[in-house]
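Below is one structure, written out as structure tokens; the observations come after it.
Indexing begins at 1, ligand by ligand and atom by atom, following the structure's order.
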Amino acid sequence: MTTSDSASSTSSAAGPAGPRPEGPDEQDLEQHFDATIARDQRIEPRDWMPDGYRRTLIRQIAQHAHSEIIGMQPEGEWIMKAPSLRRKAILFAKVQDEAGHGLYLYSAAETLGADRADLTQRLIEGRQKYSSIFNYPTLSFADVGVIGWFVDGAAICNQVPLCRSSYGPYARAMVRICKEESFHQRQGYELLMTMMRGTDAQREMVQDAVDRWWWPSLMMFGPPDDASPNSAQSMAWKIKRHSNDELRQRFVDMTVPQAEKLGVTLPDPELRWNAERGHHDFGTPDWSELQRVISGDGPCNAQRMERRRTAHEEGAWVREAASAYAAKQAKQSERARKGAAA
Ligand code: FAQ
């Protein structure tokens with residue numbers, strides 16, 4: 001059941017005829033919202049929700065959508081340079097999936113009243129963020145494998161719990177996205193396995209990519225819990241189900257045995273199993289680097305934004321053509337409707 005079922009029954013209980021019945025006041029609506037969250041039920045687009053809940057969701061979903069779209073760039077650079085037709089086809093499909101994820105997510109943001117064109121404008125003007133991870137360069141084909149293994153792996157750790165997020169359209173988008181991300185992760189790992197069975201030079205490429213992507217991947221989960229201003233409220237609203245540090249730990253625990261199997265070394269001298277905690281201990285990421293990258297000063301921020309701006313400008317004619325076609329279709333159906341009525 002959605003809250004809409006009970007929200008609409010609350011409104012209709014106000015009475016059918018006579019002077020306009022008074023709807024539920026803000027306090028009732030808020031209590032209803034809180035009770036829905038407490039019962040672990042979903043909030044749907046037509047339900048009442050606090051402004052802060054709506055704003056937080058638009059912020060997070062838009063950042064997520066932008067990340068998927070900008071995230072096409074680092075790997076996209078390798079489509080033309082992939083070493084075989086098979087690898088090219090796989091990479092093509094993966095990058096296309098990322099475009100699809102961005103589109104589901106923009107649609108989910110639209111159910112909250114956001115306007116897609118406005119969200120894109122905010123990204124292009126640097127007023128909305130996207131994930132820090134996509135501001136690092138892809139220097140060799142091994143980076144494609146490591147992005148699949150680490151970045152998609154981190155995305156899965158972060159996003160599987162979002163399938164239980166309290167906002168219906170976001171949670172449902174995540175189910176399909178996670179299925180595709182898990183395919184992406186496997187393709188990355190399989191590529192690295194193949195390279196590790198190859199020459200010394202290939203094994204060196206893999207280790208080099210692991211060394212460069214490990215710490216930025218840990219930073220993807222966001223600042224540590226004591227420096228994460230949004231976590232407490234987002235968790236109370238059950239938008240986020242786990243804190244940034246919990247998910248980071250989950251990623252480390254999941255990845256260490258995979259690294260052993262692959263035969264690579266994770267570049268952290270403090271990384272070791274802690275039997276008492278039942279988790280791996282690990283070193284502290286350079287949080288000042290995360291802040292620098294988030295605030296626009298990472299290795300590839302300027303390049304990523306420039307490419308996104310150019311793509312947006314070059315796509316203007318497609319948007320215009322699509323709008324003109326939609327307007328023409330609407331006019332034709334209106335004429336047909338009037339003709340049928342006459
Ligand atoms: N990069 O208070 P918190 C993918 C910002 S998709 C940039 O902890 P929150 C698929 C944060 O927005 C990857 N900014 O914030 C793929 C906030 O700023 P604001 C994207 C970051 O929201 C794979 C401020 O710092 N995934 O990889 C980052 O509670 C391969 C304070 O932080 C998602 O977006 C960062 N790493 O937690 C595609 C998942 N971390 O807005 C291609 C959904 C934090 O207050 C190839 N999002 N910030 O000005 C989330 O789960 C959350 O938004 C977090 C941040 C965990 C990212």
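For atom 43 (C) of ligand 1, the candidate residues are F150, F221, Y170; the nearest heavy-atom contact is made by Y170. The heavy atom nearest to atom 42 (C) of ligand 1, considering only H66, R127, E98, is found in E98. Across E180, K240, Q60, heavy-atom proximity to atom 9 (P) of ligand 1 is greatest for K240. Within the set R248, E68, H242, K129, the minimum heavy-atom distance to atom 5 (C) of ligand 1 is found for K129.
A donor-acceptor pair shorter than 3.5 Å cannot be found between the side chains of Q187 and H184. In this structure, a donor-acceptor pair under 3.5 Å is absent between the side chains of T36 and R42. If you check the side chains of D253 and Q249, you find a donor sitting under 3.5 Å from an acceptor.
Considering backbone and side-chain N/O of M72, none are found under 3.5 Å from N/O of ligand 1. When only interatomic distances are considered, the shortest N/O to N/O separation between Q63 and ligand 1 falls below 3.5 Å.
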Report task. List the steps and the verdict of side chain to side chain contact (heavy atoms under 4.5 Å, CB included) for Y136 and V293. Result -> CA-CA 9 Å; Y136 292 86; V293 176; 3.5 Å; yes
Requested in this report: Step by step, work out the salt bridge (Lys or Arg N to Asp or Glu O under 4.0 Å) result for R164 and D40.
Outcome: CA-CA 9 Å; R164 293 187 299 113; D40 248 344; 5.5 Å; no
Query raised in the report: Can H66 and Y106 be said to form a ring pair (Phe, Tyr, Trp, His ring centres under 6.0 Å), step by step?
Result: CA-CA 9 Å; H66 299 328; Y106 284 126; 5.6 Å; yes
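In the hydrophobic clustering of this structure, M254 groups with W213; members are Ile, Leu, Val, Met, Phe, Trp, Tyr whose side-chain heavy atoms approach within less than 4.5 Å, directly or through other members. Connection of V160 to V252 is not established within any shared hydrophobic cluster, with ILVMFWY side chains joined at heavy-atom distances below 4.5 Å, either directly or through further cluster members.
Distances shorter than 4.0 angstrom occur between a heavy atom of E75 and an atom of ligand 1.
Distance from atom 6 (S) of ligand 1 to its nearest protein heavy atom, with residue and atom name: Q159 OE1, 3.8 Å. In terms of protein heavy-atom proximity, atom 26 (N) of ligand 1 is nearest to H64 CD2, 3.8 Å. Summary of contacts: the protein heavy atom closest to atom 16 (C) of ligand 1 is F134 CZ, 3.7 Å. Atom 51 (O) of ligand 1 has its closest protein heavy atom at N158 ND2, 3.0 Å. The closest protein non-hydrogen atom to atom 3 (P) of ligand 1 is S228 OG, 3.4 Å. Nearest protein heavy-atom neighbour of atom 35 (C) of ligand 1: S132 OG, 3.6 Å. Protein heavy atom at the shortest distance from atom 31 (C) of ligand 1 is P229 CD, 3.7 Å. For atom 14 (N) of ligand 1, the closest heavy atom belonging to the protein is I294 CD1, 3.4 Å.
Put simply, the side chain of N135 reaches to within 4.5 Å of the side chain of Y130, judged on heavy atoms.
Near D152, meaning under 4.0 Å from any of its heavy atoms, are these atoms of ligand 1: 23 (C), 30 (C). Interface of S67 with ligand 1, defined as ligand atoms under 4.0 Å from a residue heavy atom, comprises 13 (C), 20 (C). Near N244, meaning under 4.0 Å from any of its heavy atoms, are these atoms of ligand 1: 8 (O), 56 (C). Using a 4.0 Å cut-off to heavy atoms of V151, the atoms of ligand 1 that qualify are 23 (C), 27 (O), 30 (C).
Protein heavy atoms are absent from the 4.0 Å sphere centred on atom 54 (C) of ligand 1.
Both the backbone and the side chain of N230 come within 4.0 Å of ligand 1, counting heavy atoms alone. If you look at V293 next to ligand 1, there are no close heavy atoms at all, none under 4.0 Å. In M219, the part holding a heavy atom less than 4.0 Å from any atom of ligand 1 is the backbone.
Between Q159 and the choices I177, L247, V175, the side chain to side chain contact (heavy atoms under 4.5 Å, CB included) rule is met once, by I177.
The aromatic rings of W48 and F33 sit perpendicular, their planes meeting at an angle over 60°, well past the 30° parallel limit.
Other residues, nucleotides and ligands place no more than 12 heavy atoms under 6.0 Å from the CZ atom of R176.
Between the side chain of R203 and the main chain of G198, a donor-acceptor pair closer than 3.5 Å is present.
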